[in-house]
Each structure stands twice: as structure tokens, then as C-alpha cells.
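Taking it in order: structure first as C-alpha cells, then the write-up.
Order of the sequence lines sets the chain letters (A, B, ...), proteins ahead of strands, with each chain counted from 1.
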Amino acid sequence: MKAKEFALKLGLTEEEFDRIQNGLGREPNETELGMFSVMWSEHCSYKNTRKELRKFPTTGPAVLVKAGEENAGVVDAGDGLALAFKIESHNHPSAVEPFQGAATGVGGILRDIFTMGARPVAFMDSLRFGRPDAPGEAGKRTRSLIHGVVAGISHYGNCVGVPTVGGELVFDPAYEGNPLVNVFCLGTLRHDQIRRGAAKGVGNPVFYVGAKTGRDGLAGAAFASRDLTEESKADRPAVQVGDPFVGKLLFEACLELYARPDLVVGVQDMGAAGLTCSTCETASRGGSGIEIELRKVPQRETGMTPFETLLSESQERMLIIVRKGRERELKEIFARWGLDAAEIGTVTDTGRVVVMEGGKVVADLPARMLADDAPVYERAAMTPAKLAEKQKYDLGKILPAQPRVKEDLLKLARSPATGSRRWVWNQYDHMVGLRTVVRPGSDAAVLRVEKPGGGWVRVAMTLDGNGRWCAQDPREGSKALVAEACRNLACAGAVPLGLTDNLNYGNPHDPELFWQLREGVEGMAEACRAFDLPVTGGNVSLYNQSPSGPIHPTPVVGVVGKVDEGVKLAPAVFSTGGGEVVLLGTTASGGLGASLYLQEVHGVIAGKLAAVDLVSEKKLHAVTRMVLAQPGVRAVHDVGEGGILWALAEMTFGEGSAGGEFRVPCGKERPEEALFGEGAGRILVELDETSMPTVENLAKEGGVELTHLGRTGGKDLQVTVHGAEMIWPVAELRDGFEKSLPKALGP
Amino acid sequence: MKAVVTVTLKPSILDPQGEAVLHAVKGMGLQEVKSVRIGKHIELEIEGGDEKKLKAKLEEISRELLSNPVMENFHLDLRAGG
Amino acid sequence: MKAVVTVTLKPSILDPQGEAVLHAVKGMGLQEVKSVRIGKHIELEIEGGDEKKLKAKLEEISRELLSNPVMENFHLDLRAGG
Amino acid sequence: MRFAVVQFPGSNCDQDCVHALRGLGQEARLVWHHETRLDPDEGVILPGGFSYGDYLRCGAIARFSPMMQSVKAAAERGQVVVGICNGFQILCEAGLLPGALTRNEGLHFRCEPSHLRVESPASRFTSGYGTGQMLRIPIAHGEGCYRAEPKVLEELEARQQILFRYCDAEGRVTAEANPNGSSHSIAGIRNQAGNVLGMMPHPERACEPEMGGLDGKGILLGAAGIGRSA
Ligand SMILES: Nc1ncnc2c1ncn2[C@@H]1O[C@H](COP(=O)(O)OP(=O)(O)O)[C@@H](O)[C@H]1O
Ligand SMILES: [Mg+2]
């Protein structure tokens, strides 16, 4: 086959082929084209999104390793402690094989974190599927996807002994054909332990460590059948299988290796594009070259071609460059952990990645060209034609003439959309490591982390996305979810230090879909600036669509923060009663645009979210943190999906929590709007009466509205709005809340 | 009647479980072992029904429920008696 | 040579996974199934070695490692070739 | 007292056990499964985790490691041996405790606080508690369903070797309160001699208020020979 034809088969464009040929000054061979096809894919090069990603603020006093520099960003948590964290998607692999797809997603993000020199201490997962209660085949398929994905995360995360401490689970028909599986990992390290993925020092040996290479992950767009041997054609697996046992040994061995002074020069995990990516990226970062011999690569299968070996995505492998003369130390450590460690090459000063097989050169390419010179595209963006129509809505036509709030709340409480996620997080070991101070089920998870000099720092984290908000208004929706993530941290008394994002969108060649991405990035960037929050890294997942259409535009953000020293953590559920409940922040509900209420109770997605007031929001967070440092705070919870009524209901769901009597402020709007609107900027606090004056004072000084809602007590939730009084037995609401998910998902 | 469905991993798919057992088997002194692969052995007891129809149904069940076609092969074996 | 070790649960031991599959099999319309039991199918590839000695060693490995006598039985099957 | 906490490849509660023991004023050292040396006066902890990935059966491969031969010998000499979660599974596979741990009846991994009833304070591990005392200690396992021959179960009952049973918040032993389907709601047993304990719940996760309680302290202190008086 002609080289150009082959390049097209691999998914490269004609222009890209010409760019390669001109850059090299010769025709590339098939192996080389294979390497370009993966390195210049969206996944590795961000060719369609790089221009957009530049809009994020990436610097700040706490940033130690910036977005894009290394495998994960690193921020300073004070006292010599640093935090490495990142989010990664495994959407398509999970759609094909939910268990292994999700499991290898966890394994992949784990490697990104320990590659940085950090000990992984927590995972979070953000999951989106179709409706599990959909009738017929669709519902059945969704349920089996959910079971498979949760089991896969549980399998990998539990086995490696890293707790999964939080996340989200969202159902919407928009994800029916294309589920979203995003996994976040956080690691801790000392400042002086940060590792770089750079190949430096001519003559230094290059090691391959971990699992053997097989034909895993060799399929999909970047694959051409002609280059395959007959043997491999018969059995061409797309499915990568994760081995958490080896994953755990690998990170323990690497951490032990890093602890040896001056031993490791550079380290890089082999994730997407495996050996190709790890060699050219380390060489490019180090301004050096690398020469490797494929015969020395530990192989699980026989007869693998150079193309296959270089592109394989076998899991649990790393590339490590050590100082010359220290080879034995590395080999000893890996032997002790029972892992393969093979010296496969050396660092050179040629600036080229040279690949040999049996001494014969099979690829010889400039490292920089592979790693950094992918074309950058400016994609066309266009406001969707139907957007204005989607945003218009007439409440009079949707809501009944007479409000039926009593039934509405019960309906909401019984929906799998709002139900307790216990079914999920009970399957994750969220306590291993003895760090989890606030477990799943609260607004943000909190971990205690050892300071290098002894003592603890409390680190809070949360993952948030909202496809419905973003579908109705990608810019405001994205702003709102950054605000929400920061609000969640505020409820844990934490100051946000950094944000990692996963951009889940559709095909970038569709201008309306690319517009969503651009709006999303700009909205997030604006919110990040308002909160002085650097973006420290992330991931892009495009082409998320099925025959029935694209997913909702779904950026997901992970925000990590440090809990203020004086803060006493308060639960998100009410005490046994006798506390005062106040609303901190605005009394405006924001209306029902894009609300969960309209979707779940009335079956429509309509309108758009009220714009977030970022300035007030920031003040609210500051005041909340100060309030949490006061004695007498019993509970704190933010108002999010489902509005203030659902937030109050959730607060009654704790073990032994009381109900209460509350009056919800309502202007000229309909009571449903006041009760279920999802506008930003609101936090509920339960506190001792004696603490009230102090808290009122803090709010006043901080420029934040404070509204008395009522008191906790009794076994009912009683709410008055516009003079109308409604009562729900807490037991009935709680029953719906606890049972809806297990009921929808089956055993 | 008894149906035995043997589900095995496709040859190129990594079998972490088999790898771990391979190590252990060697550790027990059996150096001659080159590979270990672990699959499922599923026994179904069946009473009554038309054999031909059963067979077709069992094929379907083996393919759709008992095995995962992306990673596994299956072999169905029908035996009289139980 | 190939050794196939089939490990099955003792009849007295409950098999919740088998129960779940039974349920699903019935859900797929095969009402005639009375019970489902799930065991392991372990294939070992062996090169060289004396057959008799191998057999004894494999018996030992099946008994000590591959199965747990508290709840499982095993069956060892040696086949020439691979 | 000094404890040796054994690290198998795939152990992941080893550091947690060390942390908890030191927090209780005990000495603890980590020993790698390849080692064989145990001091005659030290206690042994087999921690939770996924030794060898829990492949094949939980604990099945770990029991062949060199250290387990020493642990066996130590147990026979009367040294204290405590297996927690995966450690319990290893003890059963190694024959140091009767029975076997199988897949949870609900088929899911479960991580949650469990309620336990102390069945017999007549053991070093429970001497800090009273009979029928309720404890709240987390579980985190996928294969914690205890199974044994009927005869073995009878013997365990008769000899008061069952130290902990799962119960509900009111202390009732019921099927609903049994998180994994264990026979006789067994959460933890000791050997006949009384020096070996195996339990699925994690006492090391219940030794600090911040981690959700102190109910696990008595078990680890009991292992260290510090009973009620402490
Ligand atoms: N959405 C994003 N926002 C900010 N930075 C991003 C984003 N996506 C990717 N990056 C950064 O680009 C770099 C390359 O990312 P990636 O290719 O995903 O790493 P990996 O090779 O580990 O998958 C990383 O440092 C990552 O943090
Ligand atoms: Mg990476």
C-alpha cells in the first residue's frame, strides 16, 4: 500500500501526511506512520482543543507544576506538602466493556499520579448513564452498564488500596448510547519529591518496568489491518484488561525507587499510545533523544510486529530513566516486587526517537515533531440554531394551575435521580488508608494527610458536572458548576487550591458542538479567575455521541482545597433537633430554568439557569468558612439540584436527624420556583441559638445575606411558603431516598 | 439433562488471574508449566423440554448471558442424565 | 501437554452467583432450568517433564492450591498436545 | 507488646495496622512475606488487602509464602496471630482456622460500618468487653461469607470459639443484619487454643474518634495482652 493511503487508513488527514513527509524530508514508513497517528490524535495532541485550553488561568502562588507540563498538575498545600491530582476519562472503553473499561480508567489515572512521585491517596469517580428505569432493552442495557462500571471501579480501586471517597452518578437519556466514566486521583508528596517525565543525561539507561506487552488496545480508528500478521488478525482484541494487583506492586516499587536519592532521572507512564508516547514525550521534554531495542521489550505474545509493540496499550507499564551505574538498584527493587524490569535503550543527544528491532532501525523520528508539532486546528463554532427556542419556556404551560408541591417532593424523593448513592459507594472501599475524615455522602470529601514534618493537613475535594445546565446554556452552566464545586468545598471549610477538568463533548467538526466546548471553556475560565483558582490539568474527551445524537455538553471539574485550620467539620445532615436553621446567601431561587425539578417531575428540560453572581458567591464561601470556625455549628449543606426544598429534605436524612419547621422566602414567583429553583449562591446552616449573634455578625461583615428559616425538631419536615403549609413525614421521604437507586438498579 | 458451558478468555486477552496462578504453580515446584488460563465452568440442570429447542436457547444464553463476546469464547456441551 | 482442572463447588455449598444466573436464565425464557452451579475451568500448558511425575504433582497442586477442600471438588484431566 | 505486621504483595491495610497499634502504645514492624524470622515473643498481624490480587480464591496463594510457614510455627508455639479481613481468609486457607470465606451472598463488595455482638469475653481478644456488648466496626470486603461443615459450626459454637456475630443496631442477630450471608452470622472466630483470631471487620479502622469510633481498640489491646483494666 502507498504510504499516503496507509496514513489515511490510520486516521491521519492528507494535510497531516504532507506535513509529516515535509517535516521528515522523506516518505515515512508504516511503523512511523503508526506512531504519528497516535501522537497526533486528539487524545495525545489536543489538536482541536489546544487553542481553547489556553484560555484557562494556569498560574498562581500555589502552583508547583503547571497544566500541560507533566502527567498531572501539582499544588502546594503548605508545610512542604504538595498535592498532585488529575481527572481522566474512559468513556468509549467503558461503553464497549464496562467492567474492564472502567477498571483500566482507574489504573490509568493512578499511574498519572504516582508518575509524579506522589503516593495516591484518593479516587473520585464521575459517572453518567441513560435512565436505569427506562423501559425495555434500553433500561436493561443501562442497568448492566452501571453494574459493570461500578464493579470495575470497585475492583481496581479496592484492590490497589486507594479509597474512592466521592464522585457523582447522573442519569439522563442523553448518555444512553454513550456513557461517561471520568475518574479522578489525588496523590500526596513532599515538594522535593516531584518527578519529571524528562529523558536527560546522554548514556543514561532507559528501563521498561511492569507488565508485559501484548496486543491490547490495538483497534479502532488508528488501526490498519494490512500491517497485521495473519496470526494477529485472527484475534484482534480491543479490550485492555487491567491488573490491579500488578498496578499496586508497580506503584509501591516506583515509590521505593523514587526514595533513593538521585537514582531516577525521569519517569513516564505508558498510557495511551504506550511505548511511542512515553519515549517521544520524555525525549522531547528532556531536549534529548532516545534509542530503544524492541527485542528487549518484555512481551506476552509471540510474533508482535514493531507497529504492534509500539502502539500497544497494555496496562501497568512505565518507562524509567535512571542514572548510569545505578541499574542494579532498580533491578533489585523490581525483582523484590516480582515485576519485570528490562533495560531497553539509552538516552542520546540526537533529538530523535530511534527504534530498532534486532539491531535494524525500524523507526527514526524527531521526538519534538511527534510530541509537540502536531497541527493545531481552529475549529469553526456556531451558535446552535435551536438554542433560543430551547431556552424559551412558559411555566404556565408546564405547571398545573394549582401547585402540587406535596406530591412533587415525594416524586422527587422517589426518583433515582436524587436517591442516595450509597449503593455505589458501599461497593468502594472509602476508608482504607485511615485518612478519610468525611466519607461519601457529604458535599465534599475530606482527607487528613500527613505533613512532612508530622501532624495533619485536611484536604477537601469534590467532582462536579451538570450536563443539563450546560446543554441549556454551556457558558453559564459551566460557570455554575465551578461555583458549585467551590461551594461544596466551602461547606467543608476549605479554600480551593486548584481545579482539574474533563471536557466531555461531541464531535469537534460539528460547529454547533464545538461552540458548546468553546463556551464551556470560557465560562469555566471566567469562574476560575473569579475564585483565583488555577486550572492544573485535565483531559479532553471528544466524539461522545451515538446514533441517537451527541451527549449533553458535559465538562466535569474536580476541585481540591485545604481546610482552614480552625474549622470544625460539620455534617451535611441535621442534628437531633433544637437547632436554628439559616440561609446564607441570596434569597432569590433563580427560577426553574434547566432545573432537575422540571426534568424529573414534569418530564421537560427547558429554560436556562440563572446567571451566577461570582462576586457574591465568593463572599458566601469566605463567610461560610468563618462560620464553620465558630462553636455551635451543627450542620451545613449547600443548595444545589432540587433547590432549597430538596436541600432541606436531604438534611433530615441523617441517622437520627430531626425534621423541622421552616419558612421559605418567596417573592412574586410561583412557590415551585421558590422551592425547587437551582440558582447558585446559597448555603444552609444549622446552629445553636447561642451562636446566632456571632454568625449574624460574620455574615453582615462579610456582605452576605442571612435569612432565618426556622428550627429543627420533630419527625416531620414542615415548610411554609406564601402562607401555605405543607408537611411530610421524614420517614416517608427518607424511605424513597434510600430505596430509589437499589430499586432502579436491581440486585 | 445437564448442560455444561465452558467459558474461556480469548487467547490474546490478558488473564491476570492466570498469571498469578502461574507464578504460584511454579513456586510449588512445577517449572514445566508455561501458561495458566482460568475460565468458567457452568453447569445447568435441565428438566423436560424439547432437546432441539433447548439447544438453540442454550446457545443463545451462552452467547448473551454466560459469556462476554468482546473477550470470551464459549463451548456448550449437552449431556443426557444429570 | 495440557492439563485441565475443573473445580466445582460441593453440592452442600450455596452458590449465590449460580442462583443469580439461574434467575437471569429463567428471565431469558428457559423455564426448564432447575439449577445453575458455577465452577472454574483451569487450563495449564506444560512442556516437557515426565508424565507420571507431572501427574502426581498436578494432583497435589489441584488439591492444595487450585481447590479448597472445605467447599470444592476438583477433577484433573491430562491431554496430550496443546 | 511488639507486633509483626506481615506484608504480602497486594496487602493494603498493613500501614493502617501499624498506625493503629502504635497509636495504642504498642510496637509494630512490617515484615515482608519472603522473610521467615519471627521473634518468639512477638504477635503477628495478617492485615487486610488483596494478597496476590485475591486471584483464584482470597488468601489461596498467600498461604504458600515463606512467612506463612513461620506464622504456622509461631501459632503452634502459642504466639498471638490476628488475621483481619484478607488475613482471616489466609488463616482459613492455611488451615490455622477452620472453614472458608466465600463471595458475599449479595455478590457486591461492601464497605460500611457493621454492628457486632461480642459473643464470648472469655478470650484474650475480647476480655476488654462484656458478653453481648455491641461494637461498631467497619467492614470492607467482597468475600466475607463464612462457611464450614455443619459439624465444624457445632464445634465452634460449643467451644465458644465464635467471638463476634453481626447484629443490628439493637444487638439482634438477624438475617437482615448479616452483611454477607455468613453461617451463624459469624464475623470473627478464634482457634481452639485461643491464640489465633480471624475476623472480617477492621478493628484498626475503629481506634480513633476521627475515623469513626474507638470500638476496635479492645481487640488490638486484647491481642497485646492488655485486658479490661486498660
Ligand atoms: N481540559 C484540560 N484543561 C487543562 N489542561 C489539560 C486539559 N486536558 C489536558 N490538559 C493537560 O494536558 C497535558 C496532557 O494531557 P494528557 O495527554 O491527558 O496526559 P496523559 O498522557 O496522562 O493522558 C496534561 O498535563 C493535562 O493536564
Ligand atoms: Mg500520562
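Contacts between residues 5-12 of chain D and chain A, counted as heavy-atom pairs separated by less than 4.5 Å, involve D/Pro9, D/Gly10, D/Ser11, D/Asn12.
For D/Tyr55, the part lying near chain A is the side chain, with the backbone staying farther off; criterion is any non-hydrogen pair under 4.5 Å. With a threshold of 4.5 angstrom between heavy atoms, A/Glu655 approaches chain D through side-chain atoms but not through N, CA, C or O. Residue contact with chain A, scored on non-hydrogen atoms closer than 4.5 Å, is absent for D/Gln15. In this structure, chain D has a heavy atom under 4.5 Å from the backbone of A/Arg435, while its side chain stays farther away.
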Check against side chain to side chain contact (heavy atoms under 4.5 Å, CB included), A/Val150 and D/His108: CA-CA 10 Å; A/Val150 171; D/His108 290 306; over 6 Å; no

Assess the residue pair D/Arg205 and A/Asp429 against the criterion (salt bridge (charged side-chain N to carboxylate O under 4.0 Å, His left out)); give the C-alpha distance rounded to whole Å, side-chain angles, the decisive distance to 0.1 Å, and a yes or no. CA-CA 12 Å; D/Arg205 296 186 184 185; A/Asp429 190 338; 2.9 Å; yes

Would you please test D/Glu112 and A/His430 for side chain to side chain contact (heavy atoms under 4.5 Å, CB included) and show each step? CA-CA 9 Å; D/Glu112 63 200 26; A/His430 47 267; 5.9 Å; no

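Looking at heavy atoms from C-beta onward, D/Trp32 lies in side-chain contact with A/Arg336 at the 4.5 angstrom threshold. Between A/Gln427 and D/Cys111, every side-chain heavy-atom pair lies at or beyond the 4.5 Å cut-off. Side chains of A/Arg448 and D/Glu208 form a contact here, defined as non-hydrogen atoms less than 4.5 Å apart.
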Under 3.5 Å, which donor-acceptor pairs do the side chains of residues 245-254 of chain A form with other protein atoms, sequence neighbours left out?
{"residue": "A/Lys248", "atom": "NZ", "partner": "A/Glu252", "partner atom": "OE2", "Å": "2.9"}
{"residue": "A/Glu252", "atom": "OE1", "partner": "A/Arg119", "partner atom": "NH2", "Å": "2.9"}
{"residue": "A/Glu252", "atom": "OE2", "partner": "A/Arg119", "partner atom": "NH1", "Å": "3.3"}

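A salt bridge does not link D/Glu210 to A/Lys568: none of the charged side-chain nitrogens sits closer than 4.0 Å to a carboxylate oxygen.
Summarising the geometry of A/Cys159 relative to D/Gly53, their closest heavy-atom pair is SG-CA, 4.1 Å, with the distance given to 0.1 Å. The shortest non-hydrogen separation linking A/Asn158 to D/Phe50 is O-CE1, 3.2 Å. Residues D/Pro138 and A/Met431 share a closest heavy-atom pair of CB-SD, 3.5 Å. Minimum interatomic distance between A/Val432 and D/Asp16 (heavy atoms only, all atoms of both residues): C-OD2, 3.8 Å.
Interatomic distance, CD of A/Glu450 versus NE2 of D/His19, reported as 8.0 Å (0.5 Å rounding). To the nearest 0.5 Å, atom CG of residue A/Leu434 and atom SG of residue D/Cys13 are 8.0 Å apart.
In the displayed structure, A/Lys743 atom NZ is contacted under 6.0 Å by at most 12 heavy atoms of other residues, nucleotides or ligands.
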